[in-house]
Amino acid sequence: MNTGASSTRRRHSGRIVTALLFIAPWALGFLLLVLYPFAASLYWSFCEYDLLSPPRFVGGANYRRLAHELLNGEGFGRAVWNTAYYAVASVVLSVLAGVGLAVMLSWKVRGQAIYRAIFFLPSVVPTVAAAVLWMWLLDPGGGLVNHWLTAVGLPAPNWFKGVQEALWPPDWWSGRAAFGSKDALVLMSVWGVGNFMIIYLAALGDIPKSLYEAAALDGAGNLRRFWHITLPNLSPVIFFNIVMGVIQAVQAFTQVYLVSEGRGAPAESTLMLSLHIFLAAFQNLEMGYASAIAWMLFVVLLAATAALFHSSRYWVHYQGGSP
Amino acid sequence: MNVRNAATALVVLLATALLFWPDSGDQEEAVPAGRKEVIFWHFWGGDDRRVVQDIVARFNRSQNEHFVRAIAMPGNNLDLKLFLAVTGGRPPDVINQDDPIVADWAARGALMPLEEIATQQECERLREWLFPAAVDLCEHQGRLYGLCNGLDIRALYYNNTMLKKYGLTPPRSIADLDRIAEKIPANDLPANARPGGGNGGKRIRFGYLPDARRLWAWAIVFGGRWTDDHGNVVLDDEANIRALQWMTSYSRKYGPRTVTAFRQGDQSLPGKSFPLLAGRYAIVMDGQWRTRDIAAAQKRQQAQGQPVTEYGVCPLPPPPGGRALAGWVNGNFFLLPRGAANSQGAWEFMKFWSGFDGHEADAAQTCAEGGWIPVSKAVVDQPRFQAFLREQPLFREFVALAAEPFQKPTPIVPGAPFLYREVVSTAESAMYEDDPPAARVLLQRASENVARHLKRFNRRAATP
Amino acid sequence: MIHDKATFRAHLLLLSAAVLFAAPLVWMLVSAVKPAGQLTQDPYSFWPREWRWQNFADAAAAMPFFRYMRNSLLLAGGTVVGSLFSCTLAAYGFARLRWPGRDLVFGLLIATMLLPWHVTMIPRFLLIKELGLYNSLAALIAPTFLGDAFSIFLLRQFFRTIPEELSEAARLDGLTEWGVCWRIVAPLSKPALLTVGLFQFIAAWNDFSGPMLYLSDPKKFPLAYGLEQFVSSYSDQTHLLLAAAVMFTLPILVLFFIAQKSFMKGVSTTGLKA
């Protein structure tokens, strides 16, 4: 009796030790590269810290500065606006483009594999190369895109070099909307929508054919079938796309750094949060302030994700009730 | 499947071959026995890199005590690299760069003032020897934290052939400049073909068009300043505001988008060539390095038997009550990181390059090769450099400006990189936004921002 | 007839979308072999006047290309080895072993995927510096030996599909958990491992901010960062710039075409099982 219990316990503790050994590398990484930095940056966000002398506790000064800048629309406030603009525009467009392309690929036509490869390919092009490529294509003076726009009689925007924001509503009815630097970044991100498209495509394949057949018998047209069958069935993936898309957009750094002369040019129109944190930390050596921004970013992302999850029960349709 | 396997094998093979391929090219020269190495970081690329290699080689030949090893660094993220070099392990012995970071790093205690490596007397002699602008660029709280080795001066280049064609002369005042901008037609079509008009009269040139970044120069020309006598930041000085208003008047007149687009067109000229040579402007502000492009273009025209276009250079023309011969000066300078192993060798190298202490002839050759403006009259007066000036008469105008007292750099204050970004962004907002706030409001805002930033910086620097 | 019309419309739509997506890349590839003169004088003509392969050699000669390339390979190779090692172990721990608190810890792992890297950037940077890894490729490779949440998640999903009976049989044959992990589960999970390896390779190959933050010696730069340096000093020589960008992108494109299936499969797994 006794021996049985203790051997069970021994097996039990032996299992735990084995498991711990297996996850040890990750656990070490978690403690060292996630948990510690996390705690440290939270503490530093209440400090003044320039790396050269030890951090000095200053209470909520960094956060008060953030609030001030947010209200004035300077520095942090500017970066919040730019980031939100970029995130919203690129996520919305990537959902539209992703779903659209996936639906087109789901049509049974010849050469489908080739089309799929073509749509997917841009998403694996290295960001540095993509930035070089798009800056060249979208050059306001001699770029190919403006050449064609002019050729068909459309206005030639200044793209990366313009401070305008075409997707911000007040310009829509004034007839003065013009694509600027952030819109060019959005365009670049939509070009790389392939990842999400593949996920949509897989999800489309999982929708039971019977649903469509039943709808066809009921006399539903293409549009209605799309609206009542395809979209609800894709909604979990759309949800995933939105969450991941927001996280990716908010963290975008490489392309932002490359197209903005590393400073958010022109006129801070591409000063995103990631770039602002980078400049504050490693150019101005304001680690405390930079940490405070990073934490605000984290909190806002968390809130946004939570809100999305909360709202998802109203519009995300899970097949068979389980995600 | 077989094709794929073959391809995979090929890729793996190539990758392995590359990994184990002997590293050819830039093999490092060993430090000669009995000599001490000087690690030298610089940020020059392209053709300039060759000139740098040449100077280093000349210095190494002239030495039997030190040996300079030049390392070309990427230009971005310098602050971080400098910080790490200084705080952790072994910093380079000397750095050459041109960003306004002297005061930042001096205040952080990361730089060694020249007073610590040279005698008091030597430093005084150096101050006498340098052009005032070269002293300004490296001075912080009364001490020299670096040695300038070349100045960058801006002036107006004009296409005299074009000016003459329309009965104009080089500008002597802002009013002249505005008139030239007004008189030079947008294109070569008949006069009734206005830009945007019905007959496709596209604008292909501007008489003159200010560039946002040039607020640095125009503010000084208009009589402005960036800091007051107590070192307080006053970006919203009345004259600065007038300068920005004047610059903005161009984008109001032609439309900010047109102005942005036209400016960008300059960037996409073949080989980033000088837009003045492409006939896109009658007048352009630029630095001394363009004199070479002009000389080369004229030589080409001559060789092809075309009429040679006449170009000239003139100082920035002031408005009434402004400053003549004024502008924005920048330069390259050497900095000595604290805690370096061989600062003495670095100092010898710095003197050799800039020409101080009997190296004037060498410096003259360096400046002539690189097309750089010397930092001292003593170097300018060298026969080698005078010969260069005879070949490049336009260059003379820039050298003359180098000695002027109102060639002002970006203020050498802690937080200057922030200040620099703020001023440029402000000018970009004013010139390129559709409905920007007034120049006064923008500059006031920027001034407050920078003042706050400096206050924070000083508070941090004050706490040990 | 109606069917034909629909097919025609479908092709038309797909074709125009494909042209839009492919045009930038095709234009880059074609322009990379154009002579410099054509790009400046006649920038909008499609076909190269002459196929100037020399551009690639010129671009490679204008920077220490092969050194950068080698560094990139070392970096990407090290990353693949590191993450396959650590992530396989962790995924095995989460998928094939039962232990109290496992699902809670796994939830924690999933949560770390939502963390923006900025939050940990500064302390992480100082840690790396304190460990004496600054300015070495190890600063970028070492962390991959500590696993990354995304790859662990991906592998765990796959490991769970392998029948438990196989493991049991192996254990009865005297294999330790370590043995089961590497001799039974890992070989059966080749597709998943391949996918993770590919993703990690590409991520390391493309990484720009890592080298910018952690490397200061130009001899140690990988291509992604070295290329940026090249871009800033040769920005006026479009033909070289494009040739360099093509040489940088090509390995990734080749990888993609060799392993297209694993790619797409990997990507779709990440979405559906989330």
Side-chain angles (χ1 to χ4, degrees), chain A residues 15-16 18-19 22-23 25-26 28-30 32-34 36-38 40-41 101 104 107 109 115 117-122 124-129 132-133 136-137 142 144 147 191 195 198-199 201-203 237 240 247 250-251 253-254 258 274 277 281 287 290-291 294-295 297-298 301 305, chain C residues 7 10-11 13-14 17-18 21-22 24-25 27-28 43-44 86 89-90 92-94 97-100 102 109 112 114-124 127 143 145-147 152 177 202 205-206 208-209 224 227-228 231 238 241 245 248-249 252 256 260 264 267-268 270-272 274:
Chain A
R15 270 217 310 260
I16 293 186
T18 316
F22 270 89
I23 64 160
W26 169 77
L28 183 67
F30 176 73
L32 222 59
L33 299 177
V34 178
Y36 155 70
F38 211 53
S41 74
L101 291 176
M104 279 158 64
W107 297 334
V109 294
Y115 287 126
I118 289 177
F119 295 150
F120 183 69
L121 204 52
V124 296
V125 170
T127 315
V128 177
V132 169
L133 172 60
W136 174 58
L137 289 174
L144 185 70
H147 172 72
W191 187 57
N195 270 322
I198 292 293
I199 300 173
L201 193 57
V237 185
F240 172 80
I247 290 174
V250 165
Q251 301 196 32
F253 175 78
T254 303
L258 291 173
S274 55
I277 293 175
M287 300 295 158
S291 297
W295 263 87
L297 180 67
F298 173 59
L301 257 187
T305 313
Chain C
T7 316
H11 268 296
L13 268 172
L14 276 165
F21 271 75
L25 269 184
W27 190 246
M28 173 166 87
Y44 310 116
S86 58
L89 283 181
Y92 187 86
F94 284 117
L97 298 175
R98 239 185 293 273
W99 41 283
R102 183 184 71 177
L109 178 133
T112 62
L114 299 179
L115 270 188
W117 59 276
H118 313 91
V119 179
T120 55
M121 172 179 76
I122 300 164
R124 207 186 242 235
L127 191 74
F145 277 86
L146 302 180
I152 294 173
E177 287 301 332
I202 289 181
W205 185 269
N206 295 356
F208 172 80
S209 48
L227 195 68
E228 201 266 335
V231 170
T238 314
L241 209 60
F248 173 56
T249 312
I252 299 295
F256 171 75
Q260 210 190 127
M264 303 220 184
V267 174
S268 51
T270 60
L272 288 183

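As the structure is a computational prediction, the values presented were derived from the model and not from experiment. Letters go in sequence order (proteins before strands), and every chain restarts at 1.
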Kindly say whether C:Val119 contributes a backbone atom to a donor-acceptor pair with the side chain of A:Ser41 at under 3.5 angstrom? yes

If you tally heavy-atom pairs under 4.5 Å against chain A, which of C:Leu241, C:Leu109, C:Leu13 wins? C:Leu109

Pair count under 4.5 Å, heavy atoms only, with chain A: among C:Thr238, C:Leu14, C:Leu97, C:Ile252, highest is C:Leu14

Closest approach of C:Leu25 and A:Leu133, non-hydrogen atoms and distance? N-CD2, 4.4 Å

Heavy-atom side-chain contact between A:Trp107 and C:His11 under 4.5 Å: no

Contacting moiety of C:Leu115, where chain A heavy atoms sit under 4.5 Å: both

Non-hydrogen atoms of chain C under 4.5 Å away: do they reach the side chain of A:Tyr115, the backbone, both or neither? side chain

Cut-off 4.5 Å, heavy atoms of chain A, and the answer for C:Leu127 is side chain

Determine the minimum heavy-atom distance between A:Trp191 and C:Phe21, stating which atoms define it. NE1-O, 2.9 Å

Output for pair (A:Leu121 CG, C:Gln260 CD), nearest 0.5 Å, gives 8.5 Å

Heavy-atom nearest pair, A:Gly29 first then C:Leu146, reads CA-CB, 3.6 Å

Using heavy-atom distances under 4.5 Å, tell me whether A:Leu32 contacts chain C through its side chain, its backbone, both, or neither. both

Which bit of C:Thr249 comes within less than 4.5 Å of chain A, counting heavy atoms only: side chain, backbone, both or neither? both

Looking at every non-hydrogen atom in both residues, tell me the closest pair between C:Ile122 and A:Met287 and how far apart they are. CG2-SD, 3.4 Å

Most heavy-atom pairs under 4.5 angstrom with chain C, which of A:Ala290, A:Pro25, A:Pro126, A:Ala294? A:Pro126

Proximal component of C:Leu89, with respect to chain A [non-hydrogen, under 4.5 Å]: both

Honestly, the part of A:Leu137 sitting under 4.5 Å from a heavy atom of chain C is side chain

Is it the side chain or the backbone of C:Phe256 that comes within 4.5 Å of chain A heavy atoms, both, or neither? side chain

Among A:Trp136, A:Phe38, A:Phe120, which has the most heavy-atom pairs under 4.5 Å with chain C? A:Trp136

Using side chain to side chain contact (heavy atoms under 4.5 Å, CB included), reason through A:Leu258 and C:Phe208 one step at a time and then give a plain yes or no. CA-CA 10 Å; A:Leu258 291 173; C:Phe208 172 80; 3.9 Å; yes

Measure A:Ile118 against the heavy atoms of chain C and call it side chain, backbone, both or neither at under 4.5 Å. both

Turns out that what part of A:Ile247 lies under 4.5 Å from chain C's heavy atoms comes down to side chain

Where does A:Val34 contact chain C at under 4.5 Å (heavy atoms): side chain, backbone, both or neither? both

Return the option, out of A:Thr305, A:Val250, A:Asn195, with the maximum number of heavy-atom pairs under 4.5 Å with chain C. A:Asn195

Which heavy atom of C:Ala90 sits nearest to which heavy atom of A:Ile23, and what is that distance? O-CG2, 3.9 Å

Can you tell which part of A:Phe119 gets under 4.5 Å to a heavy atom of chain C, answering side chain, backbone, both or neither? both

Closest approach of A:Ile16 to C:Pro100 (non-hydrogen atoms, all atoms of both residues): CD1-CG, 3.7 Å

Under 4.5 Å from any heavy atom of chain A, what part of C:Ile152 do you find: side chain, backbone, both or neither? side chain

Shorter than 4.5 Å, heavy atoms on both sides: which option in C:Phe248, C:Tyr92, C:Trp117 has the most such pairs with chain A? C:Trp117

Highest number of heavy-atom pairs under 4.5 Å with chain A: which of C:Pro143, C:Ala17, C:Gly147? C:Ala17

